[in-house]
Asker: 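Can you read through this structure? Questions will come right after.
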Amino acid sequence: MSEHTASSPTNDEVDSSPDFLSCPPIFVLPTHLSLESLHEIEEDLVKRNARLTYDISEARLILGKIGQEKRAALELRSRGVWTEPISKYEPPTKRRRVEAQEPVKSARQDDIIDLSTETEDEEDGMRSRHGPSRHLNRPKPPSASASTPHPSIASSDQSDVISVVKLDWLNQCLQAQELLSIEPYLVYLARQIPSPAKPQPNQPTKTTTKSADILQRAKQDAVLQPPPPPPTHNHHSRTHTTHQPPPLPQTTTSEHDEVVSPHSPPPWVKNNIIYACLRSTPLHPPNEDFINQLLKIRHIRELTLDEIGVRAYSTSIAAIAAYPHEIRRSSEILSLPGCDTKIANLFHEYQHSANHTLATANELDISPSLQTLHTFTNIWGVGTKTARDFHYNHNWTTLDDIIEHGWPTLSRVQQIGLKYYDEFLQGIPRPETSHIAAIVTKHANRVRPDAGTPIQCAIVGGYRRGKPLCGDVDLILTHRDEHITKNLVVDVVASLESEGWITHTLVLHLMHSQRDQQTLPYRASDDSTAPGKNFDTLDKALVVWQDPHFDDSDHHHHHSHADTDSEEEKTRQKRKRNPNIHHRVDIIVSPWRTVGCAVLGWTGDKTFERDLRRYVKKTHGWKFDSSGVRERTTGGQVVDLEAGGETWEERERLVMQGLGLGWRDPEERCTR
DNA sequence: CGGCAAATACTG
DNA sequence: CAGTAT
DNA sequence: GCCG
């Protein structure tokens, strides 16, 4: 925007011409502004001591590139601020009185049995390196210094009167190097009113409704609350002391609420970044304990077929997992994208409960039905529907029930899943994962002896995200020459099978030329040499893995007639059962052309992938998946973002950058 | 109040 | 076709 | 359950 560095450049005090300190809290509407110019404006304001806020409900002066009153009201309402227009000459009303909310916290101290069959994840593995460090210096929260309202503006620095002013006012002020009256630029003069839809503070009976209401109001203070009131007492009684519908729950038990200074929100909070793929999400975030509670609730939603609930909780969880501070107040939750009063209330409950648990989450541990469903869905090949069928239609409650009464009706993979039930649930340590990868790679190259350069293997999935234990092993095999990757899965699996590494193949995906959105005249001329644009085979094999070697040292066994020792050896191995754990391994083969997409698509986490797709759709109108990026329109033209990348890592980076995400380390994609 | 990622392969 | 898995 |  317009810069006028008129005054002589004396260090910092360069162009801090007009001083906005006397202005009420200012919010800049992002509408019709590029992120850059928005930031620029904010910088300008901060430089000049403006009390810039990122919480619109806290603002009394709102700048925006809009000109109509109606539009202004809409902008406010869409941000949760309800208003009614007031005449410019109507004297400002005093702020509403707010019912004193005494905290009837829901003290439920029912300690629950912790049957945490939950999650087989996490444990040590320190490496968290989140960090909002990136992004330049953001404007600090409004200075707490006392303010001397400028005559022409002061009137709106209080209570619930809000002025929406054209952005041009700022430009003119800068140009004139003095504060101008907002009058000529006033678009909308309004009074904040309570949100009609929200539960009105009527019956303080229910603790839930109460806390919901508390939080509702707290939301307004969520992002920035001017730090501890300045020592300098402001004689301007109604100036900025209570810039809000009064204090939130300063309630009894919430000593922490007011005492501790607020965290400065990370940039993604300030900028309301709703896509998990644009944030750094470490494996062990500061609020992991709370997240674990939410994960349980989400799991309950899964078991009860509430897909939307699962979505919602996933979104909230991802946001909290990206939050770099230990949350101290439930109001902080409200500032996070994807989180609202529901989650904030849950945090409140979590925080004030004796054992830091949630009643809802505990249901997973105490409800027999949920326990059963949980057990059943852990069978590979059994999903939520089937689990419920087993439980509610067949009245089975244990795995033995299934085996005893339903074995013949199970699909092959379900039988396998049952057979190795416990082993599949055993987490796979990283060294073992890399060992498996090495073996697979060895076999891959063994079956392609003439590949000039070696076939490469990328370990993706949870391993790549840094998990110390993984539920399965995800491997992507690739080679620059598509002749080499053709039919590779089959050959690799066969080779591994013959050596005893693979005991079962659960499913083979031979993604034939799944191409044909348009007339595909020529039958994907098998030739395969057709490097054209034929989206070919992104093949994969889902297999059961077991190390065939084991110590059979049954040393004091009768050494019968020592004929052929080798023979004997084999016999012995045969006779004793292989005690090695069976693991799930996914072997994926990706053509070099799209290996960046494959790696990006298979590294996860789930919410990361989901939001990645949403983001790509929204911003580019493209369709992303692990086999490529395509135009959504125009019959799905291929968008090659990774051309030129010389390694799969580099190609992944190119894809991410081409999609408009920056780079994000795999360890920062742990959205849960 | 509608939408929420997405497409495909395999099984019974 | 419904269900599961990636 | 949250967002636009």
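In what follows, chains carry the letters A, B, and so on, assigned in the order in which the sequence lines appear, proteins first and then strands, with residues in each chain numbered from 1. Not measured: the values here are computed from a predicted model.
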Asker: Between A:R672 and A:D605, does any NZ, NE, NH1 or NH2 come within less than 4.0 Å of an OD or OE carboxylate oxygen?
Answerer: no

Asker: Sequence neighbours excluded, which residues qualify as ring-ring contact (aromatic ring centres under 6.0 Å, His included) partners of A:H391?
Answerer: none

Asker: Using side chain to side chain contact (heavy atoms under 4.5 Å, CB included) as the criterion, list what pairs up with A:E302, not counting sequence neighbours.
Answerer: A:R298, A:H299, A:V310

Asker: Enumerate the residue pairs fulfilling salt bridge (charged side-chain N to carboxylate O under 4.0 Å, His left out) with a member in residues 613-622 of chain A, sequence neighbours excluded, ordered by first and then second residue.
Answerer: A:E609-A:R613, A:D611-A:R614

Asker: Atom CG of A:L659 and atom C1' of B:dA5: how far apart are they, to the nearest Å?
Answerer: 14 Å

Asker: What are the residues of residues 402-412 of chain A, sorted by number, that bring a heavy atom to within less than 4.0 Å of DNA chain C?
Answerer: none

Asker: Whole-Å distance between B:dG3 P and A:Y275 OH?
Answerer: 16 Å

Asker: In whole Å, I'd like the distance from the CG atom of A:D539 to the C1' atom of C:dT6.
Answerer: 13 Å

Asker: Show, in sequence, the C-alpha distance, side-chain angles and deciding distance for A:Y420 and A:H583, and conclude whether the ring-ring contact (aromatic ring centres under 6.0 Å, His included) test is met.
Answerer: CA-CA 9 Å; A:Y420 303 113; A:H583 292 308; over 10 Å; no

Asker: Please check if the distance between the ring centroids of A:F390 and A:W396 is under 6.0 Å.
Answerer: yes

Asker: For residues 413-426 of chain A, which residue pairs qualify under salt bridge (charged side-chain N to carboxylate O under 4.0 Å, His left out), counting only residues two or more places apart or in two chains?
Answerer: none

Asker: Does A:I343 reach a base, just sugar-phosphate, or nothing at all? Heavy atoms under 4.0 Å.
Answerer: sugar-phosphate

Asker: With no angle test and no hydrogens, is the base of B:dA5 tied to the side chain of A:R610 by a donor-acceptor pair under 3.5 Å?
Answerer: no

Asker: Describe the nucleic acid contact of A:R301 in one word from base, sugar-phosphate, nothing, applying a heavy-atom distance below 4.0 Å.
Answerer: sugar-phosphate

Asker: Taking D:dG1 as the reference, what is the distance to B:dA7 when you measure between their P atoms (whole Å, please)?
Answerer: 28 Å

Asker: Taking atom C1' of B:dA7 as reference, at what distance in whole Å does atom CZ of A:R613 sit?
Answerer: 8 Å

Asker: Starting the side chain at C-beta, find the nucleotide from D:dC2, B:dA6, B:dA5 nearest to A:K623.
Answerer: B:dA6

Asker: With sequence neighbours left out, what residues match A:Y323 under ring-ring contact (aromatic ring centres under 6.0 Å, His included)?
Answerer: A:H325

Asker: Reading DNA chain D from 5' onward, which residue's closest nucleotide shows up sooner: A:K618 or A:I308?
Answerer: A:I308

Asker: For A:T603, check side-chain hydrogen bond (donor to acceptor under 3.5 Å, both in side chains) against everything at least two apart and list the hits.
Answerer: A:R464

Asker: Just call it for A:D586: base, sugar-phosphate, or nothing, with non-hydrogen atoms closer than 4.0 Å on any strand.
Answerer: sugar-phosphate

Asker: Which one, D:dG1, B:dC4, B:dA6, comes nearest to the side chain of A:Y313?
Answerer: D:dG1

Asker: Classify the nucleic acid contact of A:L508 as base, sugar-phosphate or nothing, counting any heavy atom under 4.0 Å across all strands shown.
Answerer: sugar-phosphate

Asker: Please tabulate the protein-to-nucleotide N/O contacts below 3.5 Å involving nucleotides 3-5 of chain C, giving atom names and distances.
Answerer:
from, atom 1, to, atom 2, distance (Å)
C:dG3, O3', A:T386, OG1, 3.2
C:dT4, OP1, A:G383, N, 3.0
C:dT4, OP1, A:G383, O, 3.1
C:dT4, OP1, A:T384, N, 3.4
C:dT4, OP1, A:K385, N, 3.1
C:dT4, OP1, A:T386, N, 2.7
C:dT4, OP1, A:T386, OG1, 2.8
C:dA5, OP1, A:G381, N, 3.1
C:dA5, OP1, A:V382, O, 3.3

Asker: Determine the Euclidean distance between corresponding P atoms of C:dT6 and B:dC4; express it in Å to zero decimal places.
Answerer: 24 Å

Asker: How close or far is atom P of B:dA7 from atom CG of A:D625, stated in whole angstroms?
Answerer: 8 Å

Asker: For C:dT6, take OP1 and OP2 only and decide whether either is under 4.0 Å from a side-chain N or O of A:K540.
Answerer: no

Asker: Grab the CG-P distance between A:L475 and C:dT6 for me, whole Å please.
Answerer: 14 Å

Asker: At under 4.0 Å, does any side-chain N or O of A:R388 touch on OP1 or OP2 of C:dA2?
Answerer: no

Asker: Once you round it to whole Å, what is the distance between P of D:dC3 and CG of A:L334?
Answerer: 10 Å

Asker: Looking at A:R614, I'd like to know whether one of its side-chain N or O atoms comes within less than 4.0 Å of OP1 or OP2 on B:dG3.
Answerer: no

Asker: Rounding to a whole Å, what distance do you find between A:D389:CG and B:dG12:C1'?
Answerer: 13 Å

Asker: Check whether NZ of the Lys or CZ of the Arg A:R301 lies under 6.0 Å from the centre of the six-membered ring of A:Y313 and within 45 degrees of that ring's axis.
Answerer: no

Asker: Who are the side chain to side chain contact (heavy atoms under 4.5 Å, CB included) partners of A:S411, not counting sequence neighbours?
Answerer: A:V413, A:Q414

Asker: Taking only the side-chain heavy atoms of A:D340 (C-beta and beyond), determine which of B:dA6, B:dC4, D:dC2 contains the nearest atom.
Answerer: D:dC2

